[in-house]
*Asks:* 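Next up is a structure, given as structure tokens.
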Amino acid sequence: QVQLVESGGGLVQAGGSLRLTCAASGLTFSRYTMGWFRQAPGKEREFVAASRWSDDSLYYRDSVKGRFTISRDNAKKMVYLQMNSLKPEDTAVYYCGANPGRVYGFVRDYISWGQGTQVTVSS
């Protein structure tokens with residue numbers, strides 16, 4: 001069974017950085033699109049970034065472009081999200097998801113999720 005475990009969240013001041021890590025098991029990792037989503041209180045889960053397995057393409061939501069970087073290590077079955085220049089509006093629980101397809105931006109396409117890691121950015 002697929003298991004995803006996120007880590008690396010925390011409290012940081014605006015302008016600071018955090019690196020999130022997602023460790024995967026129970027899947028052929030190199031054949032999965034891996035995504036990061038986030039969910040703030042009272043809001044729906046939203047796409048943040050994805051690494052597509054089929055062509056190694058990387059995708060970001062507009063508000064994090066130039067600040068966040070997704071990367072993956074297929075040998076270690078890990079996916080990372082480097083977050084720089086953090087803003088208070090980045091505050092949310094961040095989730096790692098695994099998706100066997102190529103469409104990357106929708107929650108419904110991800111078949112497994114981690115438990116989430118809290119990121120809080122103070123102003």
*Asks:* Applying a strict under-4.5 Å side-chain criterion to I, L, V, M, F, W and Y, I'd like to know whether Val64 and Leu86 cluster together.
*Replies:* yes
*Asks:* A side-chain contact here means heavy atoms from C-beta on lying under 4.5 Å apart; do Asp90 and Phe68 qualify?
*Replies:* yes
*Asks:* Which heavy atom of Ser112 sits nearest a heavy atom of Val2, and at what distance?
*Replies:* OG-CG1, 3.4 Å
*Asks:* If hydrophobic clusters are built by linking Ile, Leu, Val, Met, Phe, Trp and Tyr wherever their side-chain heavy atoms come under 4.5 Å apart, do Val121 and Val48 end up in the same one?
*Replies:* yes
*Asks:* Give, for atom CD of Gln13 and atom OG1 of Thr120, the distance between the pair rounded to the nearest 0.5 Å.
*Replies:* 13.0 Å
*Asks:* Side chains of Tyr94 and Arg38: any donor to acceptor distance under 3.5 Å?
*Replies:* yes
*Asks:* Flag the pair Ile111 / Tyr32 as yes when at least one side-chain heavy-atom distance between them is below 4.5 Å, and no otherwise.
*Replies:* yes
*Asks:* Quick one: does NZ or CZ of Arg72 land under 6.0 Å from the six-membered ring centre of Phe29, within 45 degrees of the ring axis?
*Replies:* yes
*Asks:* Test side-chain hydrogen bond (donor to acceptor under 3.5 Å, both in side chains) on Arg52 and Tyr59 and set out the steps.
*Replies:* CA-CA 8 Å; Arg52 192 161 64 183; Tyr59 300 92; 2.8 Å; yes
*Asks:* I'd like to know if the side chain of Asp73 reaches the main chain of Lys77, judged simply by a donor and an acceptor atom lying under 3.5 Å from each other, with no hydrogens or angles considered.
*Replies:* no
*Asks:* Given side chains that start at C-beta, do those of Glu46 and Arg61 come closer than 4.5 Å, heavy atoms only?
*Replies:* yes
*Asks:* Are Leu81 and Val79 side-chain neighbours, meaning at least one heavy-atom pair lies under 4.5 Å?
*Replies:* no
*Asks:* Mark yes or no for whether Gln115, through its side chain, and Glu6, through its backbone, hold a donor-acceptor pair below 3.5 Å.
*Replies:* yes
*Asks:* Following the transitive rule for hydrophobic clusters with a side-chain heavy-atom cut-off under 4.5 Å over Ile, Leu, Val, Met, Phe, Trp and Tyr, establish whether Tyr104 and Tyr80 coincide in one cluster.
*Replies:* no
*Asks:* Looking at Ile70 and Tyr60, what are the two nearest heavy atoms and their distance?
*Replies:* N-OH, 3.0 Å
*Asks:* In Å, rounded to the nearest 0.5 Å, how long is the span from CG of Asp56 to OG of Ser30?
*Replies:* 10.0 Å
*Asks:* Grab the two heavy atoms, one from Asn84 and one from Gln82, that are nearest each other, plus how far apart they are.
*Replies:* OD1-NE2, 2.9 Å
*Asks:* Determine whether a donor-acceptor pair (N or O, by modelled atom type, separation under 3.5 Å) exists between the side chain of Arg67 and the backbone of Ser63.
*Replies:* yes
*Asks:* Grab the two heavy atoms, one from Gln39 and one from Arg45, that are nearest each other, plus how far apart they are.
*Replies:* OE1-NE, 3.5 Å
*Asks:* Of the non-hydrogen atoms in Ala14 and Ser123, which two are nearest, and what is the gap between them?
*Replies:* CB-CA, 4.4 Å
*Asks:* For the pair Ser85 (side chain) and Gly15 (backbone), establish whether a donor and an acceptor sit closer than 3.5 Å, ignoring hydrogens and angles.
*Replies:* no
*Asks:* Of all the heavy-atom pairs spanning Trp36 and Leu20, show the shortest one and how long it is.
*Replies:* CH2-CB, 3.6 Å
*Asks:* Leu18 and Val93: same hydrophobic cluster, using ILVMFWY side-chain contacts below 4.5 Å?
*Replies:* no
*Asks:* Is there side-chain contact between Thr91 and Gln118, with at least one heavy-atom pair below 4.5 Å?
*Replies:* yes
*Asks:* Got a sec, which residues hit ring-ring contact (aromatic ring centres under 6.0 Å, His included) with Phe37, two or more places apart in sequence or on another chain?
*Replies:* Phe47, Tyr110, Trp113
*Asks:* Take Met34 and Leu4 through the test side chain to side chain contact (heavy atoms under 4.5 Å, CB included) and record every step on the way to the result.
*Replies:* CA-CA 10 Å; Met34 298 302 296; Leu4 303 174; 4.0 Å; yes
